[in-house]
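In what follows, a single structure is set out as structure tokens and then discussed.
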Amino acid sequence: MAADARQLDRLFEVIAARKGADAASSYTAKLLSKGVSACAQKLGEEAVETVIAAMAGDRKAAISESADLLYHWLVLAAALGIEPADVYAELERREGRSGLDEKAARAGN
């Protein structure tokens, strides 16, 4: 099986299945048991680590940290009850719009 973005959906299914599981049985269950704030904080930490790797020009570390970032984004989404498809739909809604126009439209809200 080739690596592609469908892995995110498969990973989300695993993460969602661990919601409410014994926190001693998996890292995902443990993180989810700590609530949205802990999940959000961990996502922020991974974002910073991704930025640091990128700024250092370390491609291998940037790939690894990006994987961690995506995993923790999915954990936060599960904690919030957000399906990845909801985010995909928002990206699709924005497709074809200028990034500058999109930012201006959001600033007015």
Side-chain angles (χ1 to χ4, degrees):
M1 181 184 306
D4 62 31
R6 290 176 291 183
Q7 289 179 280
L8 292 175
D9 291 328
R10 290 191 301 271
L11 179 55
F12 182 77
E13 289 174 12
V14 170
I15 290 167
R18 302 246 166 94
K19 200 172 185 178
D22 179 11
S25 68
S26 84
Y27 173 75
T28 300
K30 181 178 179 180
L31 189 54
L32 286 166
S33 74
K34 293 180 180 181
V36 170
S37 293
C39 295
Q41 180 178 348
K42 190 62 182 169
L43 177 66
E45 291 170 9
E46 296 301 337
V48 169
E49 291 172 8
T50 303
V51 169
I52 290 169
M55 296 294 288
D58 187 338
R59 184 177 187 279
K60 185 176 178 182
I63 290 169
S64 178
E65 295 300 342
S66 293
D68 291 346
L69 179 64
L70 289 172
Y71 163 78
H72 285 90
W73 167 67
L74 291 171
V75 170
L76 179 60
L80 290 167
I82 295 172
E83 295 283 330
D86 298 331
V87 178
Y88 305 157
E90 177 61 14
L91 289 170
E92 183 177 47
R93 184 190 69 75
R94 296 179 186 185
E95 192 173 340
R97 284 185 83 176
S98 158
L100 295 174
D101 290 344
E102 177 64 29
K103 282 182 101 52
R106 283 187 277 146
N109 289 338

[atom1]/[X] to [atom2]/[Y] distance, rounded to the nearest 0.5 angstrom?
X	Y	atom1	atom2	value
Tyr71	Lys42	OH	NZ	9.5 Å
Asp68	Glu46	CG	CD	4.5 Å
Arg94	Leu91	CZ	CG	6.5 Å
Glu90	Glu95	CD	CD	12.0 Å
Arg59	Ser66	CZ	OG	10.5 Å
Trp73	Leu8	CH2	CG	6.5 Å

Using every non-hydrogen atom in the two residues, find where [X] and [Y] come nearest and quote the distance to one decimal.
X	Y	result
Ala79	Cys39	CB-SG, 4.0 Å
Lys30	Ala23	CB-O, 3.5 Å
Ala53	Glu65	CB-CG, 4.4 Å
Lys34	Ala38	CB-CB, 3.5 Å

Considering only NZ, NE, NH1 and NH2 on the basic side and carboxylate oxygens on the acidic side, decide whether Arg10 and Glu13 come within less than 4.0 Å. no

Does any non-hydrogen side-chain atom of Tyr27 lie less than 4.5 Å from one of Arg18? no

Answer with yes or no whether the hydrophobic clustering places [X] together with [Y]; edges join I, L, V, M, F, W, Y residues whose side-chain heavy atoms lie under 4.5 Å apart.
X	Y	result
Val36	Leu32	yes
Leu80	Val14	no
Val51	Leu43	no
Val48	Leu31	no
Ile63	Leu74	no

Side chain to side chain contact (heavy atoms under 4.5 Å, CB included) between Ile82 and Phe12, worked out: CA-CA 10 Å; Ile82 295 172; Phe12 182 77; over 6 Å; no

Look at the side chain of Asp9 and the backbone N and O of Arg6, then say whether any donor-acceptor pair between them is shorter than 3.5 Å. no

Apply the test side chain to side chain contact (heavy atoms under 4.5 Å, CB included) to residues Asp58 and Lys60: give CA-CA distance (whole Å), side-chain angles for both, the deciding distance (0.1 Å), then the verdict. CA-CA 6 Å; Asp58 187 338; Lys60 185 176 178 182; 3.9 Å; yes

